[in-house]
J.: 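Provided herewith is a single structure, encoded as structure tokens, for subsequent inquiry.
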Amino acid sequence: MSAADDRRFMAVAIRLSRWHAGRTTSNPSVGCVVVKDGIIVGRGVTARSGRPHAEPQALADAGERARGATAYVTLEPCSHHGRTPPCSDALIAVGVARVVVALTDPDPRVSGRGLRLLAEAGIEVESGVMEEEARRALAPYLTRQTKKRAHVTLKLAVSADGMIGLSGAGQVAITGPAARAQVHMLRAESDAILVGIGTAIADDPELTCRLPGLEKDSPARIVLDRDLRLPLASKLVRTAAEVPVIAVASSARLALDAGFSERRAALELAGVQTVEAGSIAAFLAMLADWGVSGLIVEGGATVAAAFLEADLVDRIQLYEGAVTIGPQGIASPLTRAHIGSGFAFLGESRFGPDRRFDYERI
Ligand code: AOF
Ligand code: ZN
């Protein structure tokens, strides 16, 4: 198989891995294709909730044809005995001839051991194929493993004149339905979504994924709410039984306010989980401890600015709508002209009249 073929099949495996991104709890969504005589004979993606892993499913799909075949996997096959046996053992047992991997697994239980087991069994092993693309697809998992914090995608929608909303006007439509569908897809592919209390009160957002059929893939919803002011009548609280809501209070505020414990008890009674954190960084570490990898930060301006200020933004999706809001608008903390040198521009996409500009931390 040529290097171009290897890249082509790995690209299929990466595309496949997206299918369950944000739906596999703390596990990364991994893609695997099994190729025999230049034809894909088996496919697998990490199952919802994380198990089974991708490889045994792709091998089962290939059946007898897996013997002597090449397996393309976006992440190094695991070598540990978790709730399922190691994937490297499964690949060895069916007798694949070659395993091509995009990335080694930073999980300390695996971390090179999976590849070594395969090589020791006489399987031809290659790693680093389409590494950059796979790194992007697995970025939330890799960030949680290596930085011990959740991965942050800052999503902003800015009007043609650089505004993100209109003060006192609730939600203002900046982008059209095609862009909105993309935003809901990002929600399905993420583990959690966060807004500030200002936005939660002014916009009364639901923050769920409302693409038909994907409603159950909604991310956990988080409000940075230092004084626990989230209204019990808000859509977030009223839907807390269906999709989790977490209100994050500031540890520093606890002692300052007599009504705090009462509001906390009322929110808890309504099904909202409340936690205390000393800083954004501490909260992102807490999320990682819970196994949450991919977080979207959706607003408003204060929260976006705070994440940027703390240098805790990994990816930026900047939507630019065609509408104009005017000088009474709330200015965006970020416009295309003002994205710091710490970010690389990845590309531009068009959704109807709107455009999206993607950036990632260098
Ligand atoms: C694979 N294939 O499809 C995935 C892998 O809790 P466990 O036992 O399921 O293990 C979780 C770890 O397995 C996770 O941290 C990562 O190292 C690996 N994920 N490995 O061979 C897969 N999802
Ligand atoms: Zn595995």
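All values derive from a computational prediction rather than experimental measurement.
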J.: Do Y319 and I174 touch side chain to side chain, with heavy atoms closer than 4.5 Å?
T.: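 No, their side chains stay 4.5 Å or more apart.
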J.: Looking only at heavy atoms, what is the nearest atom pair of L154 and A304, with distance?
T.: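 Scanning both residues, the minimum pair turns out to be CD1-CB, 3.8 Å.
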J.: What is the distance from atom CZ of F307 to atom OG1 of T153, rounded to the nearest 0.5 Å?
T.: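 The distance works out to 11.0 Å.
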J.: State, yes or no, whether a side-chain contact exists between L59 and L91 at a heavy-atom distance under 4.5 Å.
T.: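 Result yes, sub-4.5 Å side-chain heavy-atom pair found.
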J.: Inspect the contact between R136 and D358 and indicate whether a charged nitrogen and a carboxylate oxygen are less than 4.0 angstrom apart.
T.: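 No, D358 and R136 are not salt-bridged.
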J.: Any donor-acceptor pair under 3.5 Å linking the side chain of D204 with the backbone of S234?
T.: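 Pair absent, no side-chain N/O of D204 close to backbone of S234.
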J.: Begin from the C-alpha positions of L287 and I222 and carry the test side chain to side chain contact (heavy atoms under 4.5 Å, CB included) through to its verdict.
T.: CA-CA 11 Å; L287 283 178; I222 299 166; 3.9 Å; yes
J.: Just by distance, do the side chain of Q57 and the backbone of H53 share a donor-acceptor pair under 3.5 Å?
T.: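 Checked: pair present.
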J.: Taking all heavy atoms of R65 and all of V41, pick out the closest pair and write down the distance.
T.: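 So the two residues come closest at NH2-O, 3.6 Å.
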J.: Look only at the side chain of R210 and the backbone of H184, and say whether a donor-acceptor pair between them is shorter than 3.5 Å.
T.: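 Answer holds: no.
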J.: Counting only N and O atoms by type, is there a donor-acceptor contact under 3.5 Å from the side chain of S127 to the main-chain atoms of V101?
T.: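 A pair under 3.5 Å: no.
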J.: For E268, does the CD atom have more than 12 heavy-atom neighbours from other residues, nucleotides or ligands under 6.0 Å away?
T.: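 More than 12 heavy atoms, drawn from other residues, nucleotides or ligands, come within 6.0 Å of this atom.
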J.: Thinking salt bridges, do D314 and R149 make one under a 4.0 Å N-O criterion?
T.: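 The answer is yes: the pair qualifies as a salt bridge.
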J.: Is a donor on one side and an acceptor on the other found under 3.5 Å between the side chain of S159 and the backbone of M163?
T.: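 Yes: the side chain of S159 pairs with the backbone of M163.
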J.: Please report the C-alpha distance between I325 and D161 in whole Å, then the side-chain angles of each, then the deciding distance to 0.1 Å, and finally whether the side chain to side chain contact (heavy atoms under 4.5 Å, CB included) criterion is met.
T.: CA-CA 7 Å; I325 288 187; D161 53 345; 4.1 Å; yes
J.: Look only at the side chain of Q317 and the backbone of K155, and say whether a donor-acceptor pair between them is shorter than 3.5 Å.
T.: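 Pair absent, no side-chain N/O of Q317 close to backbone of K155.
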J.: After noting the C-alpha distance and the side-chain angles of F357 and I339, does the key distance pass the side chain to side chain contact (heavy atoms under 4.5 Å, CB included) rule?
T.: CA-CA 11 Å; F357 301 87; I339 287 187; over 6 Å; no
J.: In Å and rounded to the nearest 0.5 Å, what is the OG to CZ distance from S251 to R226?
T.: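 Going from the OG atom of S251 to the CZ atom of R226 covers 12.5 Å.
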J.: Flag yes if V245 and V237 sit in one hydrophobic cluster, no otherwise; membership is Ile, Leu, Val, Met, Phe, Trp, Tyr, and two members link when side-chain heavy atoms are under 4.5 Å apart.
T.: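 Yes, same cluster.
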J.: Assigning hydrophobic clusters by single linkage (Ile, Leu, Val, Met, Phe, Trp, Tyr; side-chain heavy-atom cutoff under 4.5 Å), is L236 placed with I193?
T.: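 Both belong to a single hydrophobic cluster.
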J.: Apply side chain to side chain contact (heavy atoms under 4.5 Å, CB included) to the pair L103 and Y141, showing each step before the final yes or no.
T.: CA-CA 12 Å; L103 282 174; Y141 168 74; over 6 Å; no
J.: Does R98 have more than 12 heavy atoms from other residues, nucleotides or ligands lying within 6.0 Å of its CZ?
T.: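 It does: R98 CZ has more than 12 such atoms within range.
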J.: Any side-chain heavy atom of H20 within less than 4.5 Å of one from T46?
T.: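 No, their side chains stay 4.5 Å or more apart.
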J.: Report yes if some heavy atom in the side chain of V172 is under 4.5 Å from a heavy atom in the side chain of V323; otherwise report no.
T.: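 When only atoms from C-beta onward are counted, V323 and V172 do not touch, as no gap falls below 4.5 Å.
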J.: With no hydrogens and no angle check, is any side-chain donor or acceptor of S29 less than 3.5 Å from a backbone partner on S17?
T.: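 Present.
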J.: Roughly how far apart are I164 CD1 and T199 OG1, rounded to 0.5 Å?
T.: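 Separation between the atoms: 7.0 Å.
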J.: So among R15, M10, R7, which one has a side chain to side chain contact (heavy atoms under 4.5 Å, CB included) with E133?
T.: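 Answer after filtering R15, M10, R7: R7.
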J.: Considering only NZ, NE, NH1 and NH2 on the basic side and carboxylate oxygens on the acidic side, decide whether R263 and D227 come within less than 4.0 Å.
T.: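 Here R263 does not pair with D227 in a salt bridge, since their nearest N and O are not under 4.0 Å apart.
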J.: Does the side chain of E189 come within less than 4.5 Å of R23's, by heavy atoms?
T.: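 When only atoms from C-beta onward are counted, E189 and R23 do touch, with a gap below 4.5 Å.
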J.: What closest approach, in Å, do S293 and S26 show between heavy atoms, and which atom pair accounts for it?
T.: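 The pair with the smallest heavy-atom distance is OG-O, 4.5 Å.
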J.: Report yes if some heavy atom in the side chain of D61 is under 4.5 Å from a heavy atom in the side chain of V34; otherwise report no.
T.: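 In short, these two side chains do not touch, never coming nearer than 4.5 Å.
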J.: Looking at R187 and E206, does any basic side-chain N land under 4.0 Å from a carboxylate oxygen?
T.: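 The answer is no: the pair does not qualify as a salt bridge.
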J.: Keeping K36 on the side-chain end and R67 on the backbone end, is there a donor-acceptor pair under 3.5 Å?
T.: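 Yes; judged by distance alone, with no hydrogens or angles, the pair exists.
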J.: State whether the side chain of E124 and the backbone N or O of A97 hold a donor-acceptor pair below 3.5 Å, judged by distance alone.
T.: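 Not a single qualifying donor-acceptor pair exists.
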J.: Is the shortest side-chain heavy-atom distance between E348 and E320 below 4.5 Å?
T.: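 No, side chains not in contact.
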J.: Is a side-chain donor or acceptor of E215 paired with a backbone partner of G213 at a separation under 3.5 angstrom?
T.: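 Yes, the answer is positive, given that a donor and an acceptor are paired below the 3.5 Å cut-off.
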J.: Which heavy atom of L318 sits nearest to which heavy atom of L334, and what is that distance?
T.: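 Looking at all heavy atoms of both residues, the closest pair is CD1-O, 4.2 Å.
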J.: Where is the tightest heavy-atom contact between A344 and I362, given as atom of each residue plus distance?
T.: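 Distance-wise, the nearest heavy atoms are N-CG1, 3.6 Å.
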J.: Quick check: is L224 connected to V313 through a chain of hydrophobic side chains (ILVMFWY, heavy atoms under 4.5 Å apart)?
T.: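 Yes: a chain of side-chain contacts under 4.5 Å links V313 to L224.
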J.: If every non-hydrogen atom of L267 is compared with every non-hydrogen atom of L230, which pair is closest and at what distance?
T.: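 In terms of heavy atoms, the two residues are closest at CD2-O, 3.7 Å.
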J.: May I have all residue pairs that pass ring-ring contact (aromatic ring centres under 6.0 Å, His included) and include part of residues 325-348, sequence neighbours excluded?
T.: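 Checked against ring-ring contact (aromatic ring centres under 6.0 Å, His included) - neighbours excluded - the pairs reaching residues 325-348 are F345-Y359.
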J.: Could you give the distance from CG (L346) to CD (E360), rounded to the nearest 0.5 Å?
T.: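 Here the rounded value is 4.5 Å.
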J.: Would a hydrophobic clustering, with Ile, Leu, Val, Met, Phe, Trp and Tyr connected at side-chain separations under 4.5 Å, put V30 with F9?
T.: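 In one cluster with V30: F9, no.
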J.: First locate atom CG of L118, then atom OG of S79, and finally report the distance between them rounded to the nearest 0.5 Å.
T.: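 It is 9.0 Å, given to the nearest 0.5 Å.
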J.: Could you work out, with salt bridge (Lys or Arg N to Asp or Glu O under 4.0 Å) as the rule, every residue matching D107, not counting sequence neighbours?
T.: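 D107 satisfies salt bridge (Lys or Arg N to Asp or Glu O under 4.0 Å) with R109 once adjacent residues are dropped.
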J.: Are any of the side-chain heavy atoms of H151 and R361 separated by less than 4.5 Å?
T.: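 Heavy-atom side-chain distance check fails, nothing below 4.5 Å.
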J.: Identify whether V35 and I14 are in the same connected component of the hydrophobic contact network (ILVMFWY, side-chain heavy atoms under 4.5 Å).
T.: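 Same cluster: V35 reaches I14 through Ile, Leu, Val, Met, Phe, Trp or Tyr contacts under 4.5 Å.
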J.: Would you compute the distance between atom CG of L214 and atom OG1 of T208 and round it to the nearest 0.5 angstrom?
T.: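 Reported to 0.5 Å precision, the distance equals 11.5 Å.
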